[in-house]
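I have placed the structure first, in the form of C-alpha coordinates, so that the comments after it can refer back to it.
What's counted below: heavy atoms across the whole structure, side chains too, no hydrogens, waters or symmetry copies.
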Amino acid sequence: MTEAKPKSYDGSDITVAFDGNRCLHFAECLRGLPAVFDVKTRPWISPDSADADEVAEVVRRCPSGALHYTRRDGSTETPPDPTLVTVVENGPILLHGNLLLSSRRETRVALCACGQSSRKPFCDNTCHN
Ligand code: SF4
Ligand code: FES
(Lines give C-alpha, C1' and ligand atoms only; values in the text may rest on other atoms or scores of the structure.)
(Ligands and ions follow the chains in the order given, each with its own letter.)
Protein backbone atom coordinates (compact mmCIF):
# COMPACT_ATOMS: atom_id res chain seq x y z
CA MET A 1 0.00 0.00 0.00
CA THR A 2 1.33 3.46 -0.91
CA GLU A 3 1.24 5.71 2.13
CA ALA A 4 0.57 9.40 1.67
CA LYS A 5 2.76 11.64 3.79
CA PRO A 6 1.03 13.92 6.32
CA LYS A 7 0.66 17.45 4.95
CA SER A 8 0.68 20.79 6.71
CA TYR A 9 -1.53 23.77 5.87
CA ASP A 10 -0.28 27.06 7.25
CA GLY A 11 -2.49 29.88 8.42
CA SER A 12 -1.42 33.06 10.15
CA ASP A 13 -2.39 31.85 13.67
CA ILE A 14 -2.69 28.11 13.22
CA THR A 15 -1.16 25.31 11.14
CA VAL A 16 -3.35 22.30 10.43
CA ALA A 17 -1.70 18.94 9.75
CA PHE A 18 -3.58 16.22 7.89
CA ASP A 19 -2.61 12.55 7.73
CA GLY A 20 -4.68 11.04 4.93
CA ASN A 21 -3.72 7.54 6.04
CA ARG A 22 -5.67 8.07 9.25
CA CYS A 23 -8.74 9.76 7.77
CA LEU A 24 -11.85 7.58 8.11
CA HIS A 25 -14.16 10.04 6.36
CA PHE A 26 -16.29 10.82 9.38
CA ALA A 27 -16.67 14.30 7.76
CA GLU A 28 -16.70 16.14 11.10
CA CYS A 29 -14.34 18.69 9.55
CA LEU A 30 -16.43 19.22 6.39
CA ARG A 31 -19.62 19.64 8.40
CA GLY A 32 -17.98 21.71 11.13
CA LEU A 33 -16.30 24.39 9.00
CA PRO A 34 -17.04 24.03 5.30
CA ALA A 35 -15.29 27.34 4.56
CA VAL A 36 -12.01 25.88 5.85
CA PHE A 37 -12.36 22.19 4.94
CA ASP A 38 -13.57 21.84 1.37
CA VAL A 39 -12.56 18.83 -0.71
CA LYS A 40 -13.70 20.61 -3.89
CA THR A 41 -10.96 23.24 -3.65
CA ARG A 42 -7.15 23.11 -3.57
CA PRO A 43 -5.66 23.27 -1.07
CA TRP A 44 -8.60 21.57 0.62
CA ILE A 45 -7.73 23.11 4.01
CA SER A 46 -7.62 26.94 4.27
CA PRO A 47 -6.88 27.72 7.94
CA ASP A 48 -7.29 31.49 7.47
CA SER A 49 -10.88 31.17 6.25
CA ALA A 50 -12.15 31.14 9.87
CA ASP A 51 -11.06 32.23 13.32
CA ALA A 52 -8.13 30.10 14.54
CA ASP A 53 -10.05 29.12 17.73
CA GLU A 54 -12.89 27.77 15.60
CA VAL A 55 -10.46 25.87 13.37
CA ALA A 56 -8.81 24.32 16.45
CA GLU A 57 -12.19 23.37 17.89
CA VAL A 58 -13.21 21.55 14.70
CA VAL A 59 -9.82 19.82 14.41
CA ARG A 60 -10.33 18.48 17.95
CA ARG A 61 -13.58 16.86 16.75
CA CYS A 62 -11.69 14.66 14.25
CA PRO A 63 -12.18 11.24 15.86
CA SER A 64 -9.44 9.44 13.95
CA GLY A 65 -6.60 11.84 14.77
CA ALA A 66 -6.07 12.50 11.05
CA LEU A 67 -6.18 16.21 11.86
CA HIS A 68 -3.88 18.00 14.29
CA TYR A 69 -2.95 21.63 14.79
CA THR A 70 -0.19 23.82 16.17
CA ARG A 71 -0.91 27.37 17.27
CA ARG A 72 1.43 30.33 16.86
CA ASP A 73 0.90 31.22 20.52
CA GLY A 74 2.12 27.76 21.54
CA SER A 75 -1.22 26.64 23.04
CA THR A 76 -1.95 22.95 22.55
CA GLU A 77 -4.84 20.54 22.66
CA THR A 78 -5.95 19.55 26.16
CA PRO A 79 -7.27 15.98 26.01
CA PRO A 80 -10.19 14.90 28.20
CA ASP A 81 -9.48 13.13 31.47
CA PRO A 82 -10.60 10.40 31.96
CA THR A 83 -10.11 9.06 28.45
CA LEU A 84 -13.30 8.69 26.41
CA VAL A 85 -13.82 5.32 24.72
CA THR A 86 -16.41 4.93 21.95
CA VAL A 87 -17.07 1.62 20.23
CA VAL A 88 -18.36 2.08 16.67
CA GLU A 89 -20.64 -0.78 15.65
CA ASN A 90 -18.80 -2.92 13.07
CA GLY A 91 -16.02 -0.33 13.12
CA PRO A 92 -13.11 0.99 15.13
CA ILE A 93 -12.73 1.79 18.81
CA LEU A 94 -12.29 5.53 19.23
CA LEU A 95 -10.09 6.80 22.06
CA HIS A 96 -9.90 10.46 23.08
CA GLY A 97 -7.53 11.26 25.89
CA ASN A 98 -3.92 11.59 26.94
CA LEU A 99 -2.64 8.56 25.04
CA LEU A 100 0.73 6.93 24.57
CA LEU A 101 0.79 4.66 21.54
CA SER A 102 4.07 2.92 20.73
CA SER A 103 5.96 5.72 22.51
CA ARG A 104 4.04 8.33 20.50
CA ARG A 105 1.79 10.88 22.19
CA GLU A 106 -1.72 10.95 20.75
CA THR A 107 -4.97 12.60 21.76
CA ARG A 108 -7.40 10.98 19.30
CA VAL A 109 -7.09 7.57 17.66
CA ALA A 110 -9.34 5.06 15.89
CA LEU A 111 -8.09 1.59 16.72
CA CYS A 112 -8.86 -1.43 14.55
CA ALA A 113 -11.27 -3.75 16.35
CA CYS A 114 -11.84 -6.25 13.53
CA GLY A 115 -8.25 -7.35 12.98
CA GLN A 116 -8.39 -6.71 9.21
CA SER A 117 -6.64 -3.33 9.02
CA SER A 118 -3.34 -3.18 7.15
CA ARG A 119 -2.37 -0.19 9.30
CA LYS A 120 -2.78 -1.68 12.77
CA PRO A 121 -3.22 -0.48 15.40
CA PHE A 122 -5.20 2.08 13.40
CA CYS A 123 -8.44 1.31 11.56
CA ASP A 124 -7.99 1.72 7.78
CA ASN A 125 -11.72 1.47 6.94
CA THR A 126 -11.44 -2.12 5.69
CA CYS A 127 -14.34 -2.76 8.07
CA HIS A 128 -16.57 -0.53 5.91
CA ASN A 129 -15.52 -1.89 2.50
S1 SF4 B 1 -12.93 14.72 10.68
FE2 SF4 B 1 -10.97 13.61 10.50
S3 SF4 B 1 -11.55 11.51 9.92
FE4 SF4 B 1 -13.30 12.85 9.52
S5 SF4 B 1 -13.15 13.45 7.35
FE6 SF4 B 1 -12.18 15.06 8.59
S7 SF4 B 1 -10.02 14.46 8.65
FE8 SF4 B 1 -11.15 12.64 8.02
S1 FES C 1 -12.08 -1.84 12.68
FE2 FES C 1 -11.85 -0.75 10.80
S3 FES C 1 -10.37 -1.97 9.73
FE4 FES C 1 -10.61 -3.02 11.62
Side-chain angles (χ1 to χ4, degrees):
M1 179 189 285
T2 312
E3 301 248 323
K5 287 196 177 141
K7 281 192 184 164
S8 287
Y9 300 83
D10 289 325
S12 47
D13 290 328
I14 189 167
T15 293
V16 176
F18 174 67
D19 183 349
N21 301 309
R22 302 246 317 250
C23 177
L24 297 178
H25 309 291
F26 287 105
E28 289 287 349
C29 53
L30 310 181
R31 278 194 298 267
L33 268 181
V36 172
F37 301 94
D38 182 355
V39 291
K40 294 192 288 304
T41 62
R42 288 291 176 269
W44 80 278
I45 301 176
S46 320
D48 282 341
S49 294
D51 180 77
D53 287 340
E54 284 182 273
V55 176
E57 197 271 317
V58 168
V59 166
R60 289 194 296 269
R61 287 190 219 161
C62 172
S64 70
L67 292 171
H68 287 93
Y69 65 81
T70 50
R71 299 290 299 262
R72 293 287 169 272
D73 64 8
S75 60
T76 54
E77 181 174 348
T78 306
D81 182 14
T83 296
L84 302 174
V85 180
T86 307
V87 179
V88 178
E89 196 176 352
N90 300 319
I93 295 171
L94 307 176
L95 302 182
H96 190 187
N98 187 10
L99 312 167
L100 188 62
L101 210 70
S102 306
S103 75
R104 197 162 92 185
R105 288 269 172 208
E106 296 279 354
T107 50
R108 292 165 276 113
V109 295
L111 298 180
C112 175
C114 72
Q116 302 302 311
S117 172
S118 60
R119 298 200 67 250
K120 289 193 218 51
F122 303 114
C123 169
D124 70 352
N125 244 352
T126 302
C127 49
H128 286 119
N129 290 330

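Residues Leu94 and Val85 are members of separate hydrophobic clusters, defined by side-chain heavy-atom contacts under 4.5 angstrom among Ile, Leu, Val, Met, Phe, Trp and Tyr. Val58 and Trp44 fall within the same hydrophobic cluster, defined by Ile, Leu, Val, Met, Phe, Trp and Tyr side-chain heavy atoms under 4.5 Å apart, directly or through other members. Follow the hydrophobic side-chain contacts under 4.5 Å out from Ile14 and you reach Phe18 in the same cluster. Both Val36 and Val39 sit in one connected hydrophobic cluster of ILVMFWY residues. Membership requires side-chain heavy atoms under 4.5 Å apart, directly or through other members.
Rounding to the nearest 0.5 Å gives a distance of 7.5 Å between CZ of Arg60 and OG1 of Thr78. Distance CG/Leu33 to CD1/Ile45: 11.0 Å, rounded to 0.5 Å. Distance check, rounded to the nearest 0.5 Å: CG of Asp124 to SG of Cys23 gives 12.5 Å. The structure places CG of Leu99 at 7.0 Å from OG1 of Thr107, a figure rounded to the nearest 0.5 Å. With values rounded to the nearest 0.5 angstrom, Asp51 atom CG is found 8.0 Å from Asp13 atom CG.
Residues meeting the side-chain hydrogen bond (donor to acceptor under 3.5 Å, both in side chains) test with Asp48, sequence neighbours left out: Ser12. Considering only residues two or more places apart in sequence or on other chains, Ser64 meets the side-chain hydrogen bond (donor to acceptor under 3.5 Å, both in side chains) condition with none of them. Partners of Ser75 under the side-chain hydrogen bond (donor to acceptor under 3.5 Å, both in side chains) rule, at least two apart in sequence or in another chain, are Asp73.
At distances below 3.5 Å, at least one donor-acceptor pair connects side-chain atoms of Arg119 with backbone N or O atoms of Asn21.
Contact check for Arg72 versus Thr15: side-chain heavy atoms found under the 4.5 Å cut-off. Looking only at side-chain heavy atoms (C-beta outward), Val55 and Val16 come within less than 4.5 Å of each other. A heavy-atom distance below 4.5 Å is found between the side chains of Pro79 and Asn98.
For Lys7, the NZ atom is loosely surrounded, since the number of other residues' heavy atoms within 6.0 Å does not exceed 12.
Residue pairs meeting the salt bridge (Lys or Arg N to Asp or Glu O under 4.0 Å) criterion with at least one partner in residues 27-42, sequence neighbours excluded, are Glu28-Arg31, Asp38-Lys40. The stretch residues 96-129 participates, sequence neighbours left out, in no ring pair (Phe, Tyr, Trp, His ring centres under 6.0 Å) pair at all.
Contact between Pro92 and Cys127 at its shortest, heavy atoms only, is CD-SG, 4.4 Å.
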Could you go through residues 108-116 and list every donor-acceptor pair under 3.5 Å that involves a side-chain atom there, pairing it with any protein atom two or more places apart or in another chain?
| from | atom 1 | to | atom 2 | distance (Å) |
| --- | --- | --- | --- | --- |
| Arg108 | NE | Glu77 | OE2 | 3.0 |
| Arg108 | NH1 | Val59 | O | 3.3 |
| Arg108 | NH1 | Cys62 | O | 2.9 |
| Arg108 | NH1 | Leu67 | O | 3.0 |
| Arg108 | NH2 | Leu67 | O | 2.9 |
| Arg108 | NH2 | Glu77 | OE1 | 3.0 |

